[in-house]
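Written out below as structure tokens is the structure these notes cover.
For the single chain, residues carry numbers from 1 onward in sequence order.
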Amino acid sequence: MSPPPAPRAAPVVAPDRPDLTPAARRVLDAASRLFYERGIHAVGVDLIAAEAGVTKKTLYDRFGSKEQIVVDYLATRDARWRAFLAGHHDPAALTPSERVLAVFDASREWMAAHSGKGCSMVNAHAEISDPAHPAHAVITGQKQWMLELFTRLAHDVSPDAARELGRSLMLLHEGALVSDGLDVFPDVFGRARRLAAFLMSAAREAR
């Protein structure tokens, strides 16, 4: 069985976009902080401009609309997550199962350092469910990328079960993201990691 294709790139922007002026960078930084802390709908362009120390005219000149700022906010967080995950471990030094578990380890570290209020994509989707919104493709694209990543990693663990194992790993991972953001119980990623190891062991034994 041939391996599934590598994850497709969702629309992203580089974390350090060279096309952003200093004022635009301040706008994006302020908006990113406010959107994550308070919610997208609760934050208006007046507040973003005030926090960034720019005029509304400058904000609109640089981004065109609030919707575009939301797109750049989410796409930048996605790009930073992907870079963090890519640099988290050396895949060549790990077994197939360890590569899967490393994703859970990376997520635990990322959430502790950057996402005290939960997954930014999940939070944004609670406010943006209309497929016509320009940020919707960024949100769903990021989750599709994660599913394809887990499916590809699952193929290395158990080729015949890659599709179902990848989906199960994705469910565990997403559940851990939400539970961690809600602080439902301690060490959610540790529990999810142990369950992921069990699923992979069961998949290997079933071959």
Side-chain angles (χ1 to χ4, degrees), residues 3-21 24-45 47-49 52 59-88 103 106-107 110-111 114-155 162-163 166-178 180-182:
R8 297 188 301 271
V12 297
V13 286
D16 299 309
R17 283 175 49 186
D19 60 310
L20 290 184
T21 65
R25 171 57 61 189
R26 293 199 306 274
V27 169
L28 183 56
D29 288 346
S32 297
R33 174 176 53 81
L34 292 167
F35 288 154
Y36 187 75
E37 291 178 355
R38 305 188 187 186
I40 292 169
H41 291 333
V43 175
V45 292
L47 178 58
I48 295 172
L59 183 151
Y60 283 117
D61 284 346
R62 299 297 183 272
F63 293 94
S65 65
K66 177 184 173 181
E67 286 75 16
Q68 184 58 45
I69 302 175
V70 175
V71 168
D72 286 352
Y73 152 61
L74 293 171
T76 299
R77 279 188 71 98
D78 182 23
R80 287 176 172 159
W81 157 246
R82 296 189 196 195
F84 180 84
L85 181 58
H88 190 73
V103 178
S107 291
W110 174 269
M111 294 292 284
H114 305 288
S115 299
K117 290 182 176 290
C119 173
S120 57
M121 298 295 167
V122 172
N123 294 348
H125 191 261
E127 298 190 75
I128 302 171
S129 58
D130 181 3
H133 192 290
H136 191 269
V138 180
I139 299 167
T140 57
Q142 197 276 337
K143 295 305 180 183
Q144 184 64 38
W145 185 85
M146 287 300 299
L147 175 59
E148 291 170 352
L149 171 63
F150 276 122
T151 302
R152 177 166 57 84
L153 294 174
H155 180 273
R163 185 168 180 266
R167 290 180 174 184
S168 296
L169 292 170
M170 176 71 172
L171 285 173
L172 276 177
H173 185 260
E174 291 303 301
L177 290 178
V178 173
D180 184 78
L182 294 173

Identify, with sequence neighbours excluded, every residue that meets side-chain contact (heavy atoms from CB on, under 4.5 Å) alongside Arg26.
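Arg26: side-chain contact (heavy atoms from CB on, under 4.5 Å) contacts with Pro22, Ala23, Ala52, Val54.
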
Between Arg62 and Thr21, does any side-chain donor sit less than 3.5 Å from a side-chain acceptor?
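Side-chain D/A pair, Arg62 to Thr21: present.
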
Side chains of Glu127 and Asn123: any donor to acceptor distance under 3.5 Å?
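No donor-acceptor contact under 3.5 Å links the two side chains.
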
Per the side-chain contact (heavy atoms from CB on, under 4.5 Å) rule, which among Met170, Arg82, Met121 passes with Met146?
Met170

Has the side chain of Tyr73 got a donor or acceptor atom that lies under 3.5 Å from a matching backbone atom of Arg33?
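The answer is no, because no donor-acceptor pair under 3.5 Å joins these two groups.
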
Separation between [atom1] of [X] and [atom2] of [Y], rounded to the nearest 0.5 Å:
| X | Y | atom1 | atom2 | answer |
| --- | --- | --- | --- | --- |
| His125 | Leu74 | NE2 | CG | 11.5 Å |
| Cys119 | Lys143 | SG | NZ | 3.5 Å |
| Thr151 | Arg163 | OG1 | CZ | 9.0 Å |
| Phe35 | Leu28 | CZ | CG | 9.0 Å |
| Leu34 | Glu37 | CG | CD | 6.5 Å |
| Ile69 | Asp72 | CD1 | CG | 8.0 Å |

Determine, stepwise, if the pair Trp110 / Arg80 fulfils side-chain contact (heavy atoms from CB on, under 4.5 Å).
CA-CA 10 Å; Trp110 174 269; Arg80 287 176 172 159; 3.9 Å; yes

Given side-chain contact (heavy atoms from CB on, under 4.5 Å), test Val45 with Tyr60 step by step and report yes or no.
CA-CA 9 Å; Val45 292; Tyr60 283 117; 3.4 Å; yes

Output side-chain donor-acceptor pairs under 3.5 Å for residues 131-140, partner residues at least two apart or in another chain, one line each.
unit_1: His133; atom_1: ND1; unit_2: Ala135; atom_2: N; d: 3.0
unit_1: Thr140; atom_1: OG1; unit_2: His136; atom_2: O; d: 3.0

Side chains of [X] and [Y], heavy atoms from C-beta outward: is any pair under 4.5 Å?
| X | Y | answer |
| --- | --- | --- |
| Val103 | Leu169 | no |
| Phe150 | Ser168 | no |
| Lys66 | Ile40 | yes |

I want to check a possible cation-pi pair here: Arg77 against Tyr36, using under 6.0 Å from ring centre and within 45° of the ring axis as the test.
yes

Ignoring hydrogens, what is the shortest heavy-atom contact between Arg38 and Val43? Give both atom names and the distance.
CB-CG2, 3.9 Å

Residue pair Gly166 / Ala154: nearest heavy atoms and the distance that separates them
N-CB, 3.7 Å

